[in-house]
Each structure stands twice: as structure tokens, then as C-alpha cells.
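These notes are about the structure you will find just below.
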Amino acid sequence: MTDNCEIVAALPETLVNGTTATPAQYCHVEEPFRPQFKGLGSYTLPKVAVSVSATFQSNPGGRLAANYNVPNQVIAPSLGRSLSGGANATINLVAPATRFGARINQFDVRAAKLLKFGRMRSQFSVDVYNLLNSDATQSYNQTYVLNGAWLTPTLILPARFAKLTVQLDF
């Protein structure tokens, strides 16, 4: 929860800070409960000396906004003055904590073969990241322009890939 209502009542000029304007009605915002889930498991198969492990994480998507760049000449008549420096103001057209991106799930696995040569130990492993090849969107274009690219994905979860590793202990 965020509550800035007392500050806004005493100092209304804090509603415009830098290039972002926030309406007074959003001085008190309660975000819904959006949990994260994470798990890790590991086991070594003793007879074949193979170690297997897996991780899973499920994170809620980030907040979404529709940031609209309002020119000074549009704002000045309603304020009765120009903004300082004649700058533009960016206003979020979406109420805070009401729209969120999709949940991001990722499943990673590892298998490693353990070998011993006298006093020396070695481990050959393969890691597979994003095993289920999820293409979840991690971030979006949040700049609103009429008929523009609002909410176009700007970053997605990297595709499934593998990593080979050799470790020598002596």
C-alpha cells in the first residue's frame, strides 16, 4: 500500500514531479496480493553418480501504465500558467495497480556426471534454461500514443538454451 494523501494535501505541487503527473485521487493505492513461487530440488543418484536438479519460479507480471506525453500548451490553460521551463508532462492514463502483465514462469534443469580419478574429481554437466520454452513478456512499451505501439513487448524471456560445463577439483 502507498499512502501520500497527507503530503498531497499539504503540498499539492508534489503531484507533478519531474516529468510525471499523478492525479490526487491516486494518493492512496492498495495493490492486490500477487505472490511469487520459487522452488529448488536436487538429488544425486548414488549408483551411477549422477546429480540432477531443477528450479522453478513463477513471478507476477509488472505493473502496466499508459504514459501519455501532454504538451505544455494543453496544460497551461487549465493551470492558468505554463509548466516550469515550458516542459511537457507525462500522465499515466491507467489507474495505478489496476493492470498487470502476464505471469512469468520458468523451469530450469541440470544433470551432472561425477567422476573420480584418485585424488582428482571431475564433474561434467549440462544445464537447460527455460526448458518449457516459455515466451512470457517481461516488459512492454508503456508510452501511449493514439494508434501507436502501446503494450508492444520490448523484452521476452530468453528462448530455451543449454550450457555445458566441466569442473575439475584437484
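We number each residue from 1, following the sequence as shown. Note that these values count all heavy atoms, side chains included, but never hydrogens, waters or copies made by symmetry. The shown structure was predicted, so the numbers you read here are calculated from the model rather than taken from an experiment.
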Heavy-atom pair of closest approach, residues L64 and G101: CG-N, 3.7 Å
Applying salt bridge (charged side-chain N to carboxylate O under 4.0 Å, His left out), can you list everything that pairs with R63, at least two apart in sequence or on another chain? E31
Atom pair CD1/CG of I104 and N130 - distance to nearest 0.5 Å: 11.0 Å
Could you tell me if the side chain of P60 sits less than 4.5 Å from the side chain of Q36, heavy atoms only? yes
Run Y144 and N67 through side-chain contact (heavy atoms from CB on, under 4.5 Å) and show every step you take. CA-CA 5 Å; Y144 182 80; N67 297 320; 6.0 Å; no
Is there any salt bridge (Lys or Arg N to Asp or Glu O under 4.0 Å) pair reaching into residues 80-91, and which pairs are they, with sequence neighbours excluded? none
Say whether M120 and F124 are linked into one hydrophobic cluster, either directly or through other cluster members, by side-chain heavy-atom distances under 4.5 angstrom. yes
Are L93 and V74 in one and the same hydrophobic cluster, where Ile, Leu, Val, Met, Phe, Trp and Tyr link if side-chain heavy atoms are under 4.5 Å apart? yes
When every non-hydrogen atom of V94 is compared with those of A65, the smallest separation belongs to CG2-C, 4.4 Å
Honestly curious: do L115 and V166 fall in one hydrophobic cluster under the side-chain, below-4.5 Å linking rule? yes
Rounded to the nearest 0.5 Å, the CG atom of N88 sits from the OH atom of Y68 at a distance of 10.0 Å
Is it the case that the side chains of N105 and S58 hold a donor-acceptor pair, with the cut-off being a distance below 3.5 Å and no angle test? yes
Whether over 12 other heavy atoms sit under 6.0 Å from R99 CZ: no
Apply ring-ring contact (aromatic ring centres under 6.0 Å, His included) to Y140 and list each qualifying residue two or more places apart in sequence or on a separate chain. none
Cation-pi, F100 ring and R34 (6.0 angstrom, 45 degrees): yes
Extract all donor-acceptor atom pairs below 3.5 Å that involve side chains of residues 37-56 and protein atoms in other chains or at least two apart in sequence.
none

More than 12 heavy atoms from other groups under 6.0 Å of CZ on R121: no
Should F107 and V128 be regarded as members of a common hydrophobic cluster, given that ILVMFWY residues are connected when their side-chain heavy atoms come within less than 4.5 Å of each other, either directly or indirectly? yes
Sequence-distant partners of D127, salt bridge (charged side-chain N to carboxylate O under 4.0 Å, His left out), two or more places apart: R110
If I take atom CD from residue Q138 and atom CG from residue N59, how far apart are they, to the nearest 0.5 angstrom? 9.5 Å
Can you name the closest pair of heavy atoms from A89 and I75 and give their distance? CB-CD1, 3.4 Å
Quiz: residues 151-162 side-chain donor-acceptor pairs under 3.5 angstrom, not counting sequence neighbours:
{"from": "T152", "atom 1": "OG1", "to": "A149", "atom 2": "O", "distance (Å)": "2.7"}
{"from": "T154", "atom 1": "OG1", "to": "S139", "atom 2": "O", "distance (Å)": "3.2"}
{"from": "T154", "atom 1": "OG1", "to": "S139", "atom 2": "OG", "distance (Å)": "2.7"}
{"from": "R160", "atom 1": "NE", "to": "L131", "atom 2": "O", "distance (Å)": "2.9"}

Do N4 and E6 meet the criterion of a side-chain donor-acceptor pair at a distance under 3.5 Å? no
Minimum heavy-atom separation for A66 to W150, with atom names? CA-NE1, 3.4 Å
